Amino acid sequence: MFDVICVTSRKCCEKPEDFFAQLEKIARSDVKMIILREKDLSEAEYFSLAERANEICKIYGKTLVIHKYTEVAEKLGIRHIHLPFSQFCNAGNFHERFDVTGTSVHSTEEAIFAQRHGADYITAGHIFSTDCKKGLAPRGIEFLKAVCDSTTIPVYVIGGIDENSVAEIEMSGQKSFSGVCVMSGLMKSENPSELVKKIMKNSKTNLKANKKIYSLYAVTDRHWLCGRELKTDVEKALRGGATLVQLREKDMNFEVFCNEAQVILQLCRSYGVPLIINDNVRVAAQIKADGVHLGQDDMSLAEARKILGDDKIIGVTARTVEQAVKAESDGADYIGSGAVFGMQTKGDAVKMSIETLNSICGAVNIPVVAIGGITKNNAKLLMGTKISGIASVSGIFAERDIENSAKELKSIAEDIINGKQTQT
């Protein structure tokens with residue numbers, strides 16, 4: 001998922017009274033969220049501004065992120081917070097207080113620290129020259145690459161961002177960032193919606209090239225709901241760190257499936273996480289999901305690509321090297337391989353050896369995601385493999401504490417991906 005985030009600055013508006021009108025224009029665009037920065041205000045002044053900004057964001061279904069003032073966020077019932085790095089280092093129990101916490105980093109060391117201490121995302125900059133940082137040299141694309149290579153959480157680029165600078169990043173081959181933060185470009189634009197569209201157009205290849213989205217691949221199964229809504233459990237998985245969600249519904253008719261998928265898609269959008277539809281290409285196309293996963297007996301990849309287009313993710317199940325090589329040759333974006341530990345959801349699933357999994361990883365150049373009976377108790381057995389992530393059904397959704405189980409699985413997945421040996 002490539003996201004555009006607005007970072008506000010009243011000083012970019014010609015008149016103070018223009019701020020809310022501009023904010024409303026921005027809220028109408030396809031920005032993912034709006035960080036209310038406004039560093040010069042007292043807490044009381046900031047509260048008044050945030051209260052009105054939150055009302056605008058609610059009207060247009062946008063997430064407002066409070067900058068720095070944690071008590072303001074809590075008073076307004078806002079569950080997204082962005083903290084300056086120094087404040088983040090001393091924030092304490094922010095996970096108990098907020099659903100999503102981000103911080104700003106200016107070095108790879110800060111980025112690693114932020115991930116290790118629970119940040120849900122980071123902004124890295126400034127990458128290009130900007131009037132906001134006059135006299136300070138930009139850190140450049142190499143800095144962005146270093147930050148992305150050293151972390152697995154979403155990284156958002158900040159500093160001098162417009163449609164041209166995004167294109168420059170794309171041309172450099174650096175594709176593992178999750179999106180951009182735009183301040184003056186949006187605050188001064190007469191047509192923020194068009195600007196956002198141009199930025200996203202110039203970054204259209206980013207999602208498919210970002211291997212980080214496969215780290216923790218959550219596959220739904222309503223068998224474990226026990227009367228709860230699916231949306232409730234999926235959100236717990238997202239809070240725990242799921243980086244991609246596959247909606248698996250084998251027995252729903254088309255209309256009901258589309259309605260359910262639309263709900264989950266909007267939820268995933270709010271967390272900046274792609275939604276993949278299992279098997280059903282028609283549903284994926286209808287709701288404009290981020291992609292589809294195909295089994296060996298499903299629609300051909302070529303036909304699915306014709307329906308969905310080149311910008312959508314298409315994954316394919318492969319249980320042998322031959323199947324994996326064919327899938328890559330046909331244009332698959334990733335491989336799902338298993339069942340590595342058997343599957344509670346498929347009693348007849350044949351167990352795959354770790355040796356076969358490694359052979360598949362070595363035979364293709366696209367990401368390979370391991371699946372099949374993976375839980376926090378056995379995932380470490382995949383240490384030493386070259387997988388790009390782990391997919392789990394019951395290891396997430398059958399657990400009493402879905403959020404914490406996802407969090408533990410995400411941590412193990414990151415260790416596997418980074419080649420970090422841990423004690424079992």
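Position 1 is the first residue of the sequence; numbering continues from there. None of the values given here were measured: they were computed from a predicted structure.
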- Item | Which atom of Ala218 lies closest to which atom of Phe397, heavy atoms considered |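 Smallest heavy-atom distance, with atoms named: CB-CE1, 4.1 Å.
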- Query: Can we say Lys410 and Glu414 salt-bridge, meaning some charged N sits less than 4.0 Å from an Asp/Glu carboxylate O?
  - Reply: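 Here Lys410 pairs with Glu414 in a salt bridge, since their nearest N and O are under 4.0 Å apart.
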- Query: Can Glu408 and Lys376 be counted as an ion pair, charged N to O under 4.0 angstrom?
  - Reply: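 So Glu408 pairs with Lys376 through a salt bridge.
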- Any side-chain heavy-atom pair from Met183 and Thr8 closer than 4.5 angstrom?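 No - every pair of side-chain heavy atoms lies 4.5 Å or more apart.
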- Kindly say whether the aromatic ring centers of Tyr69 and Phe47 come within a distance under 6.0 Å.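 Not close enough - the centres of the two rings lie 6.0 Å or further apart.
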- Message: With a 4.0 Å cut-off on N to O distance, would you call Asp233 and Arg222 a salt bridge?
- Response: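 No.
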- So does Arg97 pair up with Glu71, basic N to acidic O under 4.0 Å?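 Salt bridge flag = no for Glu71 with Arg97.
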- Message: Can you tell me if Asn253 has over 12 outside heavy atoms packed within less than 6.0 Å of its CG?
- Response: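 Atom CG in Asn253 is crowded, with more than 12 foreign heavy atoms closer than 6.0 Å.
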- Message: Parallel, tilted or perpendicular: which one describes the rings of Phe85 and Phe113, with boundaries at 30° and 60°?
- Response: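 Perpendicular.
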- Picking from Phe88, Phe177, Tyr271, Tyr156, what satisfies ring pair (Phe, Tyr, Trp, His ring centres under 6.0 Å) with Tyr121?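 Answer after filtering Phe88, Phe177, Tyr271, Tyr156: Tyr156.
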- Item | Charged N-O contact under 4.0 Å between Asp333 and Arg305 |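 A salt bridge is present here (some side-chain N lies under 4.0 Å from a carboxylate O).
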- Item | Neighbour count >12 (heavy atoms, 6.0 Å) for atom CG, Asn93 |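 Yes, because the 6.0 Å sphere around CG of Asn93 holds more than 12 heavy atoms from other groups.
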- Message: Looking only at the aromatic ring of each residue, does the gap between the centers of His293 and Tyr334 stay below 6.0 angstrom?
- Response: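 Yes; His293 has its ring centre under 6.0 Å from that of Tyr334.
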